[in-house]
Number of protein chains: 2
Amino acid sequence: MSVSANSKTEQHLTERLSTSGFRFTPHRQHVYDVILNKRDHPTAEDVFIRTKKTMPEISHATVYNCLDALVKCGLVRQVQLERGATRFCPNMEEHCHYFCDNCGEVFDVALRTDSALMPRPPGFKVDHYDIAVHGLCAECAAKSKK
Amino acid sequence: MSVSANSKTEQHLTERLSTSGFRFTPHRQHVYDVILNKRDHPTAEDVFIRTKKTMPEISHATVYNCLDALVKCGLVRQVQLERGATRFCPNMEEHCHYFCDNCGEVFDVALRTDSALMPRPPGFKVDHYDIAVHGLCAECAAKSKK
DNA sequence: GTCAAGATTTAGAATAGTTCTAAATCGAAG
DNA sequence: CTTCGATTTAGAACTATTCTAAATCTTGAC
């Protein structure tokens with residue numbers, strides 16, 4: 001299993017790109033594959049390094065461009081968990097991020113509550129929810145007690 | 001009404017700082033006052049500019065240091081809403097941020113749901129919730145229809 | 001097929017946001 | 001009043017992101 005192993009995914013990518021006015025390109029495909037293959041909420045820099053493995057000539061700016069295109073066409077989410085680099089996540093289900101402030105690990109947890117019921121400022125048109133829970137993962141919580 | 005108008009607040013600040021092992025300093029007081037006085041979720045740079053008005057000699061690094069101290073002693077929250085600068089918020093109630101992706105305005109809305117009931121990874125020790133809702137504010141939503 | 005127009009990619013420069021460093025200063029405890 | 005650690009400073013350094021101009025590629029019109 002490697003780049004473009006899944007032609008269904010590729011189909012989907014092409015479709016989503018074009019409905020948002022973007023072209024399908026090999027660069028966008030590789031970047032998307034990288035994000036799908038290791039879902040550890042990589043930064044743009046991480047994605048750059050990983051994409052270089054199968055596509056050594058790709059440039060920094062292109063990775064940002066591809067990531068922005070993927071975000072705009074709804075295949076990838078941006079996640080801001082700390083000061084510093086933005087991370088990227090291909091899980092488009094409603095879910096929240098449990099973030100360990102000590103070791104930096106991120107856990108996805110599906111959202112059960114009906115977020116549409118949350119009170120909101122009058123007239124506000126919701127696009128998406130961005131829920132982060134900060135704290136310590138089980139491992140770090142155990143260590144910090146010692 | 002100006003810097004240190006409220007001695008109760010100052011008392012509170014001194015207390016909170018010292019229980020976290022920090023000293024009370026005029027710089028920290030000014031920075032905290034700036035954040036309390038205009039609650040528009042300023043960036044560190046905004047805080048720097050505003051603090052300079054009453055304390056022209058303050059340096060960039062000190063603003064970051066003061067903000068970090070205030071965050072560590074639980075008087076101020078960091079908020080990550082977009083790529084780029086972190087914002088700061090003195091509202092320590094459980095609340096979420098409605099963020100207009102078009103004009104950048106931020107609205108605080110108190111949280112009603114009991115977040116303690118949310119499912120979480122086993123063993124995860126929650127420190128705080130960070131809930132952002134992206135979309136368009138009433139004004140921008142109206143404009144975008146035209 | 002050929003060409004023009006527009007989209008994409010590139011390297012590298014530029015900018016923004018944050019952290020680091022070493023020296024100077026301050027303040028509390030003895 | 002001395003000492004030690006905390007705080008502050010200016011500015012350098014570093015990290016993350018965006019911009020720029022030129023080159024390349026794709027698509028659609030002919």
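Just so it is clear: chains get the letters A, B, ... in the order the sequence lines come, proteins before strands, and each one is counted from 1.
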For a quick check under 3.5 Å, do [X] and [Y] share a side-chain donor-acceptor pair by atom type?
X	Y	value
B:H30	B:T54	yes
B:D127	A:H134	no
A:E94	A:H128	no
B:D108	B:H95	yes

Value in whole Å for how far the [atom2] atom of [N] lies from [atom1] of [X]:
X	N	atom1	atom2	value
B:E82	D:dA16	CD	P	18 Å
A:N65	D:dT17	CG	C1'	13 Å
B:H30	D:dT7	NE2	C1'	15 Å
A:F22	D:dT27	CZ	C1'	17 Å
B:R28	D:dA6	CZ	P	11 Å
A:F24	C:dT9	CZ	C1'	15 Å
B:L67	D:dT7	CG	P	15 Å

May I ask you to evaluate whether B:H27 reaches the phosphate of D:dT9, defined as a side-chain N or O under 4.0 Å from OP1 or OP2? yes
Does B:T25 reach a base, just sugar-phosphate, or nothing at all? Heavy atoms under 4.0 Å. sugar-phosphate
All side-chain hydrogen bond (donor to acceptor under 3.5 Å, both in side chains) counterparts of B:R28, not counting sequence neighbours: B:N65
For each nucleotide in nucleotides 11-30 of chain C, reading 5' to 3', give B when a protein heavy atom comes within less than 4.0 Å of its base, S when such contact involves only the sugar-phosphate, and - otherwise. B-----SBBB------S---
If the condition is ring pair (Phe, Tyr, Trp, His ring centres under 6.0 Å), which residues does A:F22 pass it with, not counting sequence neighbours?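 Partners of A:F22 by the ring pair (Phe, Tyr, Trp, His ring centres under 6.0 Å) criterion come out as none, since no residue qualifies.
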